[in-house]
Amino acid sequence: MEHNYDHKKIEERWQAIWEEKKLNETDEKSNKPKYYSLVEFPYPSGDGLHVGHVRSYTAMDIISRKRRREGFEILFPIGYDAFGLPAENFAVKTGIHPKITTEKAISNFRKQLKSMGLSFDWSREIKTIDPKYYKWTQWIFLKLLENNLAYKAKIPINWCQDCRIGLANEEVTDGVCERCGGPVDKREKEQWMLAITKYAERLLSSLEELDYILPVKVQQKNWIGKSEGAEISFNLKFLDFKINVFTTRVDTLFGATYLVLSPEHKIISNLGPNISNLNEVKEYIKKAASTTDIERVAEGREKTGVKLEGISAINPANGEEIPVYTADYVLSHYGSGAIMAVPAHDERDYQFAKKFNLPVKKVVEAKAILEIPRNAEDIASGAKKRLIIKTEVYAGEGKLINSGEFSEMESPEAREKMTEKFGRRKVTYKLRDWVFSRQRYWGEPIPVILCKKCGVVPVPESELPVLLPEISDFMPDEDGESPLLKAKDWVNVKCPKCSGAAQRETDVMPNWAGSSWYFLRYLDSRNDDALVSKEKEKKWMPVDWYNGGMEHTTLHLLYSRFWYKFLFDIGAVSSEEPYKKRTSHGFILGEDNEKMSKSRGNVINPDEIVKYFGADTLRLYEMFIGPFDQAVVWSTDGLLGPRRFLDKLYKALDRVKVIKSRKESLMHQSVKKVSEDIESMKFNTAISAMMISLNELLKDEEISKEDYGLLLKLLAPFAPHITEELWQKLGGKGSIHLTPWPTYDKKKIVKKTNLIVVQVNGKVRGQFQSENSDEEEIKKTALNLDKVKPYLEDGKARRVIYVKDKLVNIVL
RNA sequence: GUCCGGGUGGCGGAAUUGGUAUACGCGCUUGACUUAAAAUCAAGUGCCGAAAGGCAUGCGGGUUCGACUCCCGCCCCGGGCACCA
């Protein structure tokens, strides 16, 4: 018998056998209940698979393997999200076509993924760059266009100077490009937009029923940013214009002492002739446009703005004449792009009012705040709680004053009544439409033709896919026009409508396009007639469990929910939400506690780990390293623990005999623990439980074959290769991965004796074993313990507390 | 600023209807085996203390017979959002 655990031999052998036997391929004909488990398909970067991929993929592999053995027909697919900037940037530098580098990276990824023993159904593999795939991405776009959810608009977009690319709101972090960290400014550009805002309410409200981890729900909710308030119209004096403002605090209307328009507000140009300082205003607007987001919100930046001389508005509440300003602290894209300023009750308005000497009028009585002494010193020095009233700005609610008939009312009531009298209810969202154009090469061409006569003409469905043309110069030009413009033969076409000369749209889709629906394609990945057949969609959707990164919460996850709801609306799918359950994994940081990156030199290559320790050890380690949802620090030394565990398991086989004495209580407990922990993704404690089991089994010379086999079955989802090998050596029939998932018997877990802990005044002083639960008897035993007696000499037990089968606490 | 997480040995971490704090693993110490080392096996390992005992879950209070766990306040770390009216 072999005594050494040769991971390389074992892993290669079993991977080949499983592949040959198609062990992991989904059986479409099966009548078992379906289970669709999904991981985010990787972007095939030239750097190869990251240990972070292994973490997330192993977790879902464990869940899929368990489900399979619980009697479900599993769909656990994989593919590649292969359009993207890194390959294109590399192409700009080297002239090598992104397709070549991407395909190479995909081959490498495939090899790496296979070496991990992940139970993917490889027969359904997809890649977003495949024309047969992006045909359907383009098809969805056409449908969006047809339903007025795709439109072209000239809007100020976030422009990354380094990448020469327009960015979606979601792709800008702290005012810099999420990708390259370069500065982002605003440019007016004609862009394709998707009207995700039309779905804001639905995206928000259906969140409630979904089984997503809380942080995901919270983030999406905040991102959608629903805000309920009122819209109030302010008429202008002497002019037939009105300005609408959005406010959540109508109750402060009597305190509105001026209005502020965002510099981009359209009414300013309409008012032009009536503004006596128009030049000054224009100057300010120009300056505001060239201000970047970083500058605009820079900390401690003083408020700026210009008064529109000659213009004044009427406060509808009290008829007062109030001035109108334009200032960049008011955002054009939120609410109506105009606000009523209430300096007494809003910090920002107050700052502005102070600078421009505008009146501050209190209309809500401030509530006193209770100040409590904090530290021991304060308390010792006799400091007492006291009430303080903030004097300057009070942003809270309270009783109204100086508000005519509404005085004496509390804020909520006043809001109701004042909305009714002066305006109307209004709901706004922070969510903005999705900037869908990219002036780049390596993406799906947007399938429309621009005709001077007919305007935007969709490419007929029969002509899909619009293939990405071959070009050799991938650099976008200075103005940010797409490199596709250089493919003259491709660009110049006849208009499908009028047959006149026309041009193809040269913008391509963002890399979020292909990933917004990929989970549907897995169901029917070779279908050329539809993105997915109705029948298969009905059978497999929605995804039962989807694990992925938190960084995709407001991007991919939200986008794909939007597309799916849209597909539902046009009858292409039969349910409204794509993912029933969403969980998330934490990052793996380098050994230096920093994010893994080439420049830091702290990247761990999974290939090396597989080579030296084996895929099973790597999998086990990554699951053992810490709580699945939290960031963890890589430790190569830490791999030794799981590796030793597998070594011990392998050697233990020599001691396995068919014997009667089993460790039933222990094993049933393990089955319970491991089963439950997998469901809650507490893989670290599941592994700990299996380590404890093995350690316990090894305490005896002989190990029961039944116990050992059971342990193998529990471990199989985590370490599929070694358990399969040992299962065969044990004489097991068929693959261990096809055996039913073990069940446990509660009765067998119960212990015969209980350990009773004895405390005196809450401190542990002793313990004893007890076979019964008789309160009086146990209390008596406790009071007579040698360790306890000395405490009873001075005084009597005032009270004795008994917690059944657990603890006695003697209170003196 | 605000919304989520999180703070426990030398290190990763375990423990939740409040009931033995430090499971499991790494590391370390000692011993066995070995010419030696590695590997492996065995014993030990929160801190202070010779011991008895005392002290320990970010800090300060509180509730309780009993608090890592609940309440009040604060500090620090990670992440999201941020002039959103």
Side-chain angles (χ1 to χ4, degrees), chain A residues 4 173-174 213-223 225 227 229 245-249 252 260 262 293 296-299 301 303 327-331 333-342 345-349 351-352 371-379 395 428-432 550-551 553-554 586-587 589 621 624-627 629-642 644-645 647-648 651 682 684-692 695 698 755-767 797-804 806-812:
Chain A
N4 287 319
T173 316
D174 296 329
I213 50 168
L214 195 65
V216 170
K217 284 194 186 189
V218 169
Q219 257 187 53
Q220 287 207 347
K221 191 178 165 218
N222 291 344
W223 187 259
S227 177
V245 304
F246 172 71
T247 176
T248 53
R249 292 297 305 274
T252 62
V260 189
S262 73
D293 276 359
R296 200 159 156 166
V297 301
E299 201 143 337
R301 180 174 180 247
K303 296 266 178 295
D328 68 2
Y329 83 92
V330 174
L331 307 170
H333 53 76
Y334 185 75
S336 58
I339 61 154
M340 64 178 211
V342 186
H345 304 293
D346 182 283
E347 185 63 43
R348 297 151 300 179
D349 297 344
Q351 284 171 22
F352 190 85
E371 201 182 62
I372 302 163
R374 303 264 146 78
N375 49 45
E377 279 165 48
D378 282 359
I379 295 162
T428 62
Y429 300 88
K430 286 185 198 168
L431 185 70
R432 291 156 73 180
M550 277 309 289
E551 70 275 21
T553 303
T554 54
F587 291 116
L589 301 170
Y621 168 69
F624 186 58
I625 188 169
D629 57 351
Q630 275 172 42
V632 286
V633 178
W634 180 270
S635 155
T636 301
D637 284 345
L639 277 157
L640 288 171
R644 282 178 192 149
F645 170 63
D647 277 328
K648 276 198 268 183
K651 279 192 194 141
K682 286 153 93 178
N684 51 339
T685 50
I687 292 166
S688 154
M690 291 185 280
M691 286 172 166
I692 292 170
N695 290 343
L698 285 169
L755 183 73
I756 307 291
V757 171
V758 183
Q759 299 181 331
V760 176
N761 284 340
K763 294 208 166 175
V764 179
R765 296 299 175 188
Q767 55 183 46
R798 226 166 17 113
R799 233 173 113 188
V800 181
I801 289 151
Y802 172 61
V803 181
K804 195 168 176 278
K806 267 187 185 160
L807 170 139
V808 175
N809 188 13
I810 299 157
V811 187
L812 296 176

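Letters go in sequence order (proteins before strands), and every chain restarts at 1. None of these values were measured; they are calculated from a predicted model.
Residue A:Val811 is the one, among A:Val811 and A:Arg249, whose nearest nucleotide of RNA chain B lies closer to the 5' end (criterion: closest heavy atom). Residues A:Ile339 and A:Asn684 each lie close to RNA chain B; by heavy-atom proximity, the contact nearer the 5' end of the strand is made by A:Asn684.
Evaluation of the side chain to side chain contact (heavy atoms under 4.5 Å, CB included) rule for A:Gln351 yields A:Lys303, A:Glu347 as partners, not counting sequence neighbours. Residues forming a side chain to side chain contact (heavy atoms under 4.5 Å, CB included) with A:Lys648 (at least two apart in sequence, or on another chain): A:Leu694, A:Asn695, A:Leu698. Not counting sequence neighbours, the partners of A:Thr685 by the side chain to side chain donor-acceptor pair (under 3.5 Å) test are A:Asp677.
Of the P atoms belonging to B:rU8 and B:rA15, the separation is 15 Å, rounded to the nearest Å. B:rG9 sits 26 Å from B:rC41 when the C1' atoms are compared, rounded to a whole Å. Taking atom C1' in both B:rU2 and B:rA67, one finds a spacing of 30 Å when rounded to whole Å. For B:rA32 and B:rG54, the C1' atoms lie 37 Å apart once the distance is rounded to whole Å. Distance noted for atom P between B:rG10 and B:rC48: 9 Å (whole Å). Annotation: B:rG19 and B:rG66 have their C1' atoms spaced 7 Å apart (nearest Å). Comparing the P positions of B:rG60 and B:rG53 gives an interatomic distance of 27 Å, to the nearest angstrom.
Separation of atoms CD1 (A:Ile625) and CD (A:Gln630) is listed at 12.0 Å; rounding is to 0.5 Å. Between the CZ atom in A:Arg644 and the NZ atom in A:Lys651 there is a gap of 11.0 Å [rounded to 0.5 Å].
More than 12 heavy atoms of other residues, nucleotides or ligands lie within 6.0 Å of OH in A:Tyr802, so this atom counts as buried by the packing criterion.
The shortest distance between the side-chain N/O atoms of A:Tyr334 and the OP1/OP2 oxygens of B:rA85 is below 4.0 Å. For B:rC81, the OP1/OP2 oxygens have no side-chain nitrogen or oxygen of A:Thr554 closer than 4.0 Å. A close approach under 4.0 Å does occur between a side-chain nitrogen or oxygen of A:Arg799 and OP1 or OP2 of B:rC65.
Considering only side-chain atoms of A:Val218, the nucleotide from B:rA15, B:rC83, B:rC3 that sits closest is B:rC3. Of the candidates B:rG5, B:rG19, B:rC3, B:rG19 carries the atom nearest the A:Lys806 side chain, counting heavy atoms from C-beta on. Which of B:rA85, B:rA15, B:rA14 sits closest to the side chain of A:Lys682 comes down to B:rA15.
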Point to revise | Base versus backbone protein contacts along nucleotides 24-29 of chain B [heavy-atom cut-off under 4.0 Å; B, S, -] | key: BSSS--

Are any protein N/O atoms closer than 3.5 Å to N/O atoms in nucleotides 51-54 of chain B? If there are, list each pair with its distance.
from   : atom 1 : to       : atom 2 : distance (Å)
B:rG54 : OP2    : A:Arg765 : NH1    : 3.2

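The base of B:rC81 has none of its N or O atoms less than 3.5 Å from a complementary donor or acceptor on the side chain of A:Lys430. The base of B:rG19 is paired with the side chain of A:Gln759 by a donor and an acceptor separated by under 3.5 Å.
With pairs defined as Watson-Crick or G-U wobble and both atom distances under 3.5 Å, the stems of at least three pairs that touch RNA chain B come out as B:1-7 with B:75-81, B:10-12 with B:24-26, B:27-32 with B:40-45, B:46-48 with B:53-55, B:58-62 with B:70-74.
With a glycosidic angle no further than 90° from 0, B:rG9 counts as syn.
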